[in-house]
Amino acid sequence: MSELHLYNTATRSLEKFKPINPGKVGIYLCGATVQAPPHIGHIRSGVNFDILRRWLLASNFDVNFIRNVTDIDDKILHKAVHEEMAWWAVAMKYERAFTQAYAALNVMPPTYEPRATGHITQMTQLMQILIDNGSAYAPGNGDVYLEVRKLASYLTLSNQKLDDLQPADDADLTFKKDPRDFALWKAAKPGDPSWPTPWGPGRPGWHVECSAMAHAYLGESFDIHGGGLDLIFPHHENEIAQSQAAGWGFANTWMHNAWVTTSGEKMSKSLGNSLQVVEILKKVRGIELRWYLGSAHYRSMLEFSFEALEEAAVNFRRIEGFLKRSSEVLGKNVEPVISSSFADAMNDDLAVPAALAGISESLRLGNTALTSNDKKGIETSASEIRGALSILGCDPFDEVFATSSSDDQSVLDGLVALALQQRAAARERKDFASADAIRDQIAALGVILEDTPQGTRWSLS
RNA sequence: GGUCGGAUGGCCGAGAGGCGAGGCUCAGGACUGCAAAUCCUGCUACACGGGUUCAAAUCCCGUUCCGACCUCCA
């Protein structure tokens, strides 16, 4: 069996994964800043790292998965004014939207989901450490800044040089020692929410919450830190700066998922090209959207189109159809099995596309076995496919995807069976006109029939 | 200006010196009362120009085009 290798952004290379504590993995994923409903780019990140998590679990690791919610920032405050709601109501509204989207796509709830506003104490402690050791300064206006020029290793993740950065146009040097120093803490402005600190009332800057919360739940050093590519700079760079200036080792492996793009461009609200998860879910099921988002390699840009989405959905239904037919023929749901080819692909930096090629092969063999009623062959293929789908979070037998209640189901089963008896009788007497009429009529109601050597099977369209 | 990524068949999407990834579409065939489903066969691509090599989509040099980040971003 191969061993897990992951691409580490920090070293720009594929590395063999070595957990700090044998058998355990600590992961921190930058979750949502809850200031708008999630679009499919946000949820792709959730899906990609959920696949990582499921693979680690399947590889017998004990996974501590922390995904934060940043529930206080400039945009949330702006949105609160715009929507005429309290800032905390805005944050909760969109946090729920994210939670619903994660659930619809079968993204496992994190081990813990810390909110920034619940960790002001930890942030204050971190800032105190940084001020005490001279890494940060409070110039007296209520802000606290990190002095980036003092850090020898600053910008190593993004491989940039401090002097090459374009200084922000609006950098205010009244209090900052260097325009590139960033705010750990922002002094309270009238009307803004604030929390007391030794340096005055204020609210967190963007980056400090992740350092404080990662430390709180994962310790000074942990295994994997993840997020979108666009977080490399400044967010992750600044997290490293704060944490390492405090003397913490911080993350060993940095993983970044690529974006969902439209017309080659990153999704964003300002471009008007963002696609909300709730909108897409009107066209395909959650499991199908997940299949689509998870099917590309996590480090590759995924160029969104409705055609590609539909193609992925059709492809998934084909696999799903095989599993359902298999369970009918075998009279049971097969147990998931991880094939060695699937394991090899996943161990190679989560090479889902390569894994998918293996699923196609199993599907072909499985369908052939189904035709020849080779029960052993059916079970082997179905098990391997189900095993792969369970890691990808797309197992159609997973109870989270169950749609109708068993009561409704039994009524439906009975009614369709009645129609099938009528049609079978018509076919028996070679009255194909009547048989086809029955098929057409129930097709109009959304029930699709397929005649097989084992009899007629039906499914909802 | 600095940093990072990309360009692969009609479409989607892997690969990273040699063994035609895979899927979708399309065409033909098998099976079938018909349909559906399924299987089989066919469709041999790597932005451009040089170079290295027995061998290049892959490595090197150059070019074009596209995108991202540079303190709001998944």
Side-chain angles (χ1 to χ4, degrees), chain A residues 9 12 29-33 35-36 38-49 73-75 78 98 148 155 158-168 170-171 179-183 205-207 226-235 237-238 256-261 263-270 274 292 295-297 299-303 305 307-312 314-315 318-319 321-322 325 345 351-361 363-372 427 430-433 435-436 439-440 443 448-453 456-457 459:
Chain A
T9 307
R12 314 257 164 201
L29 174 63
C30 283
T33 299
Q35 42 95 2
H39 60 61
I40 56 174
H42 294 122
I43 213 73
R44 180 191 185 188
S45 182
V47 168
N48 285 157
F49 285 97
D73 89 320
D74 291 351
K75 281 194 172 178
H78 290 151
F98 269 86
V148 294
L155 303 179
S158 57
N159 194 28
Q160 299 178 97
K161 292 188 178 70
L162 192 59
D163 292 321
D164 289 340
L165 293 185
Q166 288 180 353
D170 57 350
R180 285 152 294 214
D181 289 351
F182 62 90
W206 176 30
H207 317 292
L229 264 182
D230 43 0
L231 296 182
I232 292 176
F233 184 87
H235 187 55
E237 208 67 85
N238 289 353
H256 293 95
N257 65 279
W259 301 306
V260 177
T261 57
S263 304
E265 294 185 358
K266 177 186 170 189
M267 267 189 203
S268 73
K269 294 196 79 75
S270 56
S274 69
Y292 173 65
S295 62
H297 192 268
R299 286 193 285 119
S300 294
M301 299 293 170
L302 180 63
E303 170 67 18
S305 71
E307 291 75 18
L309 174 67
E310 184 56 31
E311 182 185 305
V314 169
N315 184 246
R318 199 164 160 259
I319 297 167
F322 166 70
R325 253 169 275 146
V352 173
L356 258 36
I359 293 177
S360 293
E361 174 73 4
L363 182 63
R364 195 174 56 76
L365 293 173
N367 275 321
T368 301
L370 216 41
T371 304
S372 59
R427 292 178 76 203
K430 305 278 184 211
D431 179 4
F432 295 120
D436 290 353
R439 183 169 64 194
D440 291 347
I448 305 297
L449 301 188
E450 292 168 35
D451 294 324
T452 75
T456 301
R457 65 187 299 274
S459 57

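Just so it is clear: chains get the letters A, B, ... in the order the sequence lines come, proteins before strands, and each one is counted from 1.
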What's the [atom1]-[atom2] distance between [X] and [N], to the nearest Å?
X: A/Glu303; N: B/rG23; atom1: CD; atom2: P; value: 23 Å
X: A/Arg318; N: B/rA36; atom1: CZ; atom2: P; value: 15 Å
X: A/Leu165; N: B/rC4; atom1: CG; atom2: C1'; value: 13 Å
X: A/His235; N: B/rC70; atom1: NE2; atom2: P; value: 14 Å
X: A/Asn257; N: B/rG6; atom1: CG; atom2: P; value: 15 Å
X: A/Ile359; N: B/rA21; atom1: CD1; atom2: P; value: 19 Å
X: A/Met301; N: B/rG13; atom1: CE; atom2: P; value: 12 Å
X: A/Phe182; N: B/rC72; atom1: CZ; atom2: P; value: 12 Å

- Task: Describe, in one word, how the ring planes of A/Phe182 and A/His207 are oriented to each other, choosing from parallel (under 30°), tilted (30 to 60°) and perpendicular (over 60°).
- Result: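 Perpendicular.
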Identify which nucleotide among [options] has an atom closest to any side-chain atom of [X], counting heavy atoms from C-beta outward.
X: A/Arg364; options: B/rA74, B/rC39, B/rU71; answer: B/rC39
X: A/Asn159; options: B/rC4, B/rC72, B/rA74; answer: B/rC4
X: A/Met267; options: B/rG2, B/rU71, B/rA74; answer: B/rA74
X: A/Trp259; options: B/rC39, B/rA14, B/rA74; answer: B/rA74
X: A/Ala357; options: B/rA21, B/rA68, B/rC4; answer: B/rA21
X: A/Glu450; options: B/rU71, B/rU38, B/rA37; answer: B/rA37
X: A/Phe233; options: B/rG13, B/rC69, B/rU38; answer: B/rC69
X: A/Ser360; options: B/rG23, B/rA74, B/rG13; answer: B/rG23
X: A/Arg325; options: B/rU3, B/rU38, B/rG22; answer: B/rU38
X: A/Ala296; options: B/rG33, B/rC70, B/rG13; answer: B/rG13

- Please tell me which of A/Thr371 and A/Ala308 maps to the more 5' nucleotide of RNA chain B, matching each residue to the nucleotide holding its nearest heavy atom.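 By nearest-heavy-atom nucleotide position, the 5'-most residue is A/Ala308.
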- Task: Specify the residue among A/Lys161 and A/Glu307 whose closest nucleotide of RNA chain B lies further upstream toward the 5′ end.
- Result: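 Closer to the 5' end of RNA chain B: A/Lys161.
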Does [X] have a side-chain nitrogen or oxygen under 4.0 Å from the phosphate oxygens OP1 or OP2 of [N]?
X: A/Arg427; N: B/rC34; result: no
X: A/Arg299; N: B/rG6; result: no
X: A/Lys266; N: B/rC69; result: yes
X: A/Asn315; N: B/rG23; result: no
X: A/Asn367; N: B/rA37; result: no

Is the base of [N] touched by the side chain of [X] through a donor-acceptor pair closer than 3.5 angstrom?
X: A/Asp436; N: B/rG33; result: yes
X: A/Asp73; N: B/rC72; result: no
X: A/Glu311; N: B/rG23; result: yes
X: A/Arg439; N: B/rC34; result: yes
X: A/Glu265; N: B/rG67; result: no

When the [atom1] atoms of [M] and [N] are compared, how many Å lie between them, rounded to an integer?
N: B/rG51; M: B/rC4; atom1: P; answer: 29 Å
N: B/rC19; M: B/rG5; atom1: P; answer: 27 Å
N: B/rA21; M: B/rA36; atom1: P; answer: 31 Å
N: B/rC24; M: B/rU38; atom1: P; answer: 9 Å

Over all strands shown, is [X] touching base, sugar-phosphate only, or nothing at heavy-atom distances under 4.0 angstrom?
X: A/Glu237; value: nothing
X: A/Asn238; value: base
X: A/His297; value: sugar-phosphate
X: A/Gly321; value: nothing
X: A/Asp451; value: base
X: A/Ile232; value: nothing
X: A/Gly264; value: sugar-phosphate
X: A/Val314; value: nothing
X: A/Ser300; value: sugar-phosphate

Within this structure, what is the [atom1]-[atom2] distance for the pair [X] and [Y], rounded to the nearest 0.5 Å?
X: A/Ile319; Y: A/Leu356; atom1: CD1; atom2: CG; answer: 6.5 Å
X: A/Asp73; Y: A/His78; atom1: CG; atom2: NE2; answer: 9.0 Å
X: A/Phe98; Y: A/His42; atom1: CZ; atom2: NE2; answer: 4.5 Å

- Task: Any chance you could lay out the side chain to side chain contact (heavy atoms under 4.5 Å, CB included) test for A/Met267 and A/Arg44, step after step, and finish with the verdict?
- Result: CA-CA 12 Å; A/Met267 267 189 203; A/Arg44 180 191 185 188; over 6 Å; no
- Check: A/Val314 and A/Glu310 side chains under 4.5 Å, non-hydrogen atoms: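 Counting from C-beta outward, A/Glu310 and A/Val314 do come under 4.5 Å.
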- With a 4.5 Å limit on heavy-atom distance, are the side chains of A/Arg439 and A/Asp451 in contact?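 Yes, their side chains come closer than 4.5 Å.
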- Decide yes or no on side chain to side chain contact (heavy atoms under 4.5 Å, CB included) for A/Leu155 and A/Arg180, but give the supporting numbers first. CA-CA 12 Å; A/Leu155 303 179; A/Arg180 285 152 294 214; over 6 Å; no
- Step-by-step side chain to side chain contact (heavy atoms under 4.5 Å, CB included) determination, A/Ser360 to A/Asn315: CA-CA 10 Å; A/Ser360 293; A/Asn315 184 246; 5.7 Å; no
- Message: Using side chain to side chain contact (heavy atoms under 4.5 Å, CB included), reason through A/Val148 and A/Glu237 one step at a time and then give a plain yes or no.
- Response: CA-CA 11 Å; A/Val148 294; A/Glu237 208 67 85; over 6 Å; no
- Stem regions touching RNA chain B, defined by at least 3 consecutive Watson-Crick or wobble G-U pairs below 3.5 angstrom: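 So the stems come out as B:1-7 with B:64-70, B:10-12 with B:22-24, B:26-30 with B:38-42, B:47-51 with B:59-63.
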- Looking only at heavy atoms, what is the nearest atom pair of A/Ser45 and A/Asn257, with distance?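 The answer is OG-OD1, 3.0 Å.
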